[in-house]
Protein chains: 2
Amino acid sequence: MSVYTPGQVAEETGFSLDTLRYYERIGLLEPIERNAAGQRRFSDEDIGWLGMVRCLRDTGMPIAEMLRFTELVRGGGETIGDRITLLETHDHEVEAQIARLRERQAAIQRKIQHYRDILAQRNTPTPRTRPEDPTTP
Amino acid sequence: MSVYTPGQVAEETGFSLDTLRYYERIGLLEPIERNAAGQRRFSDEDIGWLGMVRCLRDTGMPIAEMLRFTELVRGGGETIGDRITLLETHDHEVEAQIARLRERQAAIQRKIQHYRDILAQRNTPTPRTRPEDPTTP
DNA sequence: GCTTGACCTGGAGCCCACTCCAGGTGGGAT
DNA sequence: ATCCCACCTGGAGTGGGCTCCAGGTCAAGC
């Protein structure tokens, strides 16, 4: 039940001041309350919503789709089914994204190992015949 | 040991023709061989390199850093240590990326569950006091 | 012999998501 | 009083990564 200055919100949410203003402009944030001087005063609710935006953004949802979600939330209780659908769809995309990352990561790790093998071989002048092999005079 | 037309490479790698030309222009691909008519003919090696590019790109490496890696690869065997370092650093970033995604995903799933709970409650007209509770006349 | 289609070039354009700027206001500290 | 700082606005600019375009060249099939 308190209010926050733009600076505090930027600090807390990690969004820049410009980004906060931008989000309000495009309607991703509803118009933020102002004090007498016209300066923004964010509410706890705004902070909460920004947390949601953070999640969606960080998981790669484009702004256009976040706007669709925003519309749904503003549309009231009748839209809850649609919100679930939207979020589930996104959840599956995130899952796919992670799976893809893991695959690519595995390939990168194989490459690293490949390079390590090359280095290892290089540091082994007499490859497979050193300690116990008596064939070298 | 065969050659591929741009169309085939696009098909196989998922990069568009324009992107392939773009990558060559900026030096992410070394100059591709040409036939008599000046048309590109990609080698198996090119395809392999594009696979690597795909991995790095899909895991979020910016082009500028892929160019650094490209330079190292062109720099010959002495750069293998540096290549390992670069790829390991990236590998850790991918790991962090995945962890972050998982966290955000969990939050999204909680939100979905929250919405589901609301719907469930709605479909239960007499919330917690129906079958066995005799306090309702 | 003409069309079609895959390719070529240099350069311009586009989209997304910010980010920056100039010029201005109001309020608190020294 | 004056300074500084955090904030305001509308609009322009940026950066990354492509993507598109006009105008042109070959090669093969009908």
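Numbered from 1 within each chain, the chains take letters A, B, ... in sequence-line order.
- Rounding to whole angstrom units, CG of residue Leu20(A) and P of dC18(C) are separated by 11 Å.
- At distances below 3.5 Å, not a single donor-acceptor pair connects side-chain atoms of Asp117(A) with backbone N or O atoms of His114(A).
- Atom CZ of Arg54(A) and atom C1' of dA17(C) are 13 Å apart (whole Å).
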Checklist outcome for this item: 5' to 3', nucleotides 8-20 of chain D under a 4.0 Å protein heavy-atom cut-off (B base, S sugar-phosphate only, - none) gives SBBB-----BBBB

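- Residue Leu17(B) shares its hydrophobic cluster (ILVMFWY side chains chained together at separations under 4.5 Å) with no other residue.
- Within the structure, a side-chain polar atom (N or O) of Thr5(A) is placed less than 4.0 Å from OP1 or OP2 of dC7(D).
- Within the structure, no pair that satisfies the side-chain hydrogen bond (donor to acceptor under 3.5 Å, both in side chains) test touches residues 64-78 of chain A, not counting sequence neighbours.
- Put simply, the side chain of Glu103(B) never gets that close to the backbone of Arg100(B): no donor and acceptor are under 3.5 Å apart.
- Judged by distance alone, with hydrogens and angles left aside, the side-chain atoms of Asp91(A) form no donor-acceptor pair with the main-chain N or O of Glu88(A) at under 3.5 Å.
- Sorted by first then second residue, the ring pair (Phe, Tyr, Trp, His ring centres under 6.0 Å) pairs that include residues 38-90 of chain B, not counting sequence neighbours, are Trp49(B)-Phe69(B).
- Dense packing is recorded around CD of Glu93(B), with more than 12 heavy atoms of other residues, nucleotides or ligands lying under 6.0 Å away.
- With sequence neighbours left out, the side chain to side chain donor-acceptor pair (under 3.5 Å) criterion links Thr79(B) to Arg83(B).
- Taking atom CD of Glu11(B) as the reference point, atom C1' of dA6(C) lies 14 Å away to the nearest angstrom.
- Annotation: the terminal axes of the helix from dG1(C)-dC30(D) to dT30(C)-dA1(D) meet at 0°, where each axis is the rotation carrying the C1' atoms of four end pairs onto the next four (5 pairs per end, rounded to 10°).
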